[in-house]
Amino acid sequence: MDEIERIYQLRKELHKHNYNYYVLNTPEIGDQEFDFLMRELQDLEAKHPECYDENSPTMRVGSDLNRNFVQVAHKYPMLSLANTYSEAEVSEFYERVKKSLNEDFEICCEMKFDGTSISLIYENGKLVRAVTRGDGAQGDDVTDNVKTIRSIPLVLHDTDYPKEFEIRGEILMPWEVFDQLNKERELREEPLFANPRNAASGTLKLQNSSIVASRKLDAYLYSLLGDELPGDGHFENMQAASRWGFKISEIMRKCSNLSEILEFIRYWDVERKNLPVATDGIVLKVNSSRQQRNLGFTAKSPRWAIAYKFQAERACTRLNKVTYQVGRTGAVTPVANLDPVQLAGTVVKRASLHNADIIEGLDLHIGDMVYVEKGGEIIPKIVGVDMDARFMVGDKVRFIDKCPECGSPLMRYEGEAAHYCINDTACPPQIKGKIEHYVSRKAMNIDGLGAETIDQFYQEGLIRTIADLYTLKAPDIARLERMGKKSALNILEGIRASKNVPFERVLFALGIRFVGETTAKTLAKYFRSIDALASASLEELVKVDEIGDRIAQSILLYFSDEMNRLLIERLRESGVQMQMEELDLSEYSDKLSGKSIVISGVFAHHSRDEYKELIEKNGGKNVGSISKKTSFILAGENMGPSKLEKANKLGIPIVNEDDFLKMIE
Ligand code: IVH
């Protein structure tokens, strides 16, 4: 078999393994074997750019090309559903349909998934476009991002699908992925997502599809549209879609009377808590398309369907006191301590009060009877006070002004709701948090040092700052509880290895407020050493691409603190990288300084990502779309016709890859 044949064979096999794993949940091969095949395909495709296929399984990994979304009109408007909240309203809907149709009918009951809706267009069995709901009439083209979702088929199985059709569904972030993502965001001092719905829609709108790929979204499809559908029944059409390779919820039932519908609702109201994704209700749809057409639409929603929304579960209990938790960033969170109460299957004793404004808004007093809710959010929250039950209340709750851990004054940054403890160098939860961040995987990646071990080292007085890690001695660790010689040596080896971590990650690991992974990379490339960064002025800092006033101020504040400067000196003396390596510097130039460059097409010598890096290393800027400001287009084979037309119209030069490489030689 020649290499080209092998490419086609690998694509077919990988599509099948994807489907087995992500749709059927029954993988036939292990992860490693899958990666192996994927890598073989990637290598062969790089060798044979003439075989480029925008629906190849390799497209699932995403690209880091920036692009703004193009607006696309929906062929059929994306409407919403009328909501109902009680069995009585469901019964009214049933009676209305019965009266209007005046013939037998079936209702298909299914879960209402709580994510973000998507419309997928397929032509000749291939995914051609994915569009968000937008305003219902038109939405954003998010095809590249959607291609990274493994449960959405790029190429369909079977052959009995219509030539052109649209399928709609919900993009979701499973609870497990959501929890993990929030944990990572907390470490990086990034704001947390309130619920999986926000996380899914935020992810889908990211400009960088390789980050989307890493977020592991999932999708359930729930509606098929087009001129040539397999049959009249919605349920049956969804079964057909499932044969073509789509992920359809197994929780669907055709009901022929009201009591079957109510039975479904009552069962899933409880059972939904065991599902891996968030749901917020049940959707009832008249099954026959003919009957749906007869019933028609109101201005906003179909008359043939409604949503029964689950009650956000709520309980009433007494507020005993408010305590305050200091997080690793110094943010102080007020926590309501309650009389234990049963709520959504668990006993709730504590609920978040978020910030001072929320407390003020509720006019909270100790002893109040408060309403606690557990909706789509993970942490229960207090949503109101039962004023009728307020007789013998205690003091009004006032937000504290000193840190409960170290007694330092609290401060509130402009435009932020949270209060912070300003003592970031000596407040215990902040110190421990900083060390946890420093050793974390994306920072210095020091194995064997979890939160518990760090707490233990802290309690024993072994570490007070990240620099103390480098003076730890094996016997000091080995004598601790649950430690031995072997784990001590492992930890020390991890710490030693961290001295080879490149400067850009060290800069991220320092935990300067607002300096996340990407910002650290940008700053490291621009300033190249900690000394240059530390002596930069506000004007110099804001000159750097993507560095605004907020980040710049935070950097100035960090380096104005003598303790931080001493800390950096100690780290440097221990051998931690405080500048870009010489080797890296040689690859940099300013040959493309001031140039905005669009990359388009398929290349023979380097991948797109490598070209992007080359542009940046030579001082240029890689941009996603062509405009008047574009300096030139770096074009490979098969440059898109619309891009070519736009470039010609604006008179923008097109540079091929060989000439480009000569330019930066
Ligand atoms: S059918 C005409 N089925 O709920 C509307 N929608 O308010 C047809 N949703 O934006 C929608 N699960 O994003 C339908 N099983 C399901 C659904 C579902 C979730 C969402 C959808 C829509 C919203 C309707």
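Just so you know, ligand 1 is whichever comes first in the structure, and atom 1 is the first atom listed for that ligand. Not measured: the values here are computed from a predicted model.
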Chemist: Is the contact between K112 and ligand 1 made by the side chain, the backbone, both, or neither, using heavy atoms and a 4.0 Å cut-off?
Modeler: both
Chemist: Can you find an N or O of E110 that's nearer than 3.5 Å to an N or O of ligand 1?
Modeler: yes
Chemist: Can you list the atoms of ligand 1 that are under 4.0 Å from a heavy atom of M111?
Modeler: 12 (N), 15 (N), 16 (C)
Chemist: Which residue holds the protein heavy atom closest to atom 10 (O) of ligand 1, what is that atom called, and what is the gap in Å?
Modeler: S117 OG, 3.7 Å
Chemist: What part of L81, side chain from CB on, backbone N/CA/C/O, both or neither, has a heavy atom under 4.0 Å from ligand 1?
Modeler: both
Chemist: Quick one: which of Y220, Y161, Y122, Y222 gives a ring-ring contact (aromatic ring centres under 6.0 Å, His included) with F246?
Modeler: Y122
Chemist: Using a cut-off of 6.0 Å, state whether more than 12 heavy atoms not belonging to E228 lie near its atom CD.
Modeler: no
Chemist: I'd like to know whether ligand 1 has M78 as a neighbour, heavy-atom separation below 4.0 Å.
Modeler: no
Chemist: Please tell me whether W244 and F165 form a close aromatic pair, meaning their ring centres lie under 6.0 Å apart.
Modeler: yes
Chemist: How far is atom 5 (C) of ligand 1 from its nearest protein heavy atom, and which residue and atom is that?
Modeler: L79 O, 3.6 Å
Chemist: Y21 ring centre to R150 NZ or CZ under 6.0 Å, with the angle to the axis within 45°?
Modeler: no
Chemist: For E170 and ligand 1, does the shortest N/O to N/O distance drop below 3.5 Å?
Modeler: yes
Chemist: Identify the protein heavy atom lying closest to atom 3 (N) of ligand 1, giving its residue, its atom name and the separation to 0.1 Å.
Modeler: K285 NZ, 3.0 Å
Chemist: What do we get for R168 next to ligand 1 when only non-hydrogen atoms under 4.0 Å count, side chain, backbone, both or neither?
Modeler: neither
Chemist: Look only at interatomic distance and state if V283 has a nitrogen or oxygen under 3.5 Å from any nitrogen or oxygen of ligand 1.
Modeler: no
Chemist: Does the ring of F93 carry R96 above it, NZ/CZ under 6.0 angstrom from centre and within 45° of its axis?
Modeler: no
Chemist: How would you list, by chain and number, every residue that makes a salt bridge (Lys or Arg N to Asp or Glu O under 4.0 Å) with E103, sequence neighbours excluded?
Modeler: R290
Chemist: Answer side chain, backbone, both or neither: which part of P302 comes under 4.0 Å from ligand 1, heavy atoms only.
Modeler: side chain
Chemist: Would you say K309's side chain and K112's backbone share a donor-acceptor pair under 3.5 angstrom?
Modeler: no
Chemist: Should we say atom NZ of K521 is surrounded by more than 12 heavy atoms from elsewhere, each under 6.0 Å from it?
Modeler: no
Chemist: Determine, considering heavy atoms only, which of Y222, F113, Y76 sits nearest to atom 21 (C) of ligand 1.
Modeler: Y222
Chemist: Counting only heavy atoms not in D104 (residues, nucleotides, ligands), do more than 12 fall under 6.0 Å from its CG?
Modeler: no
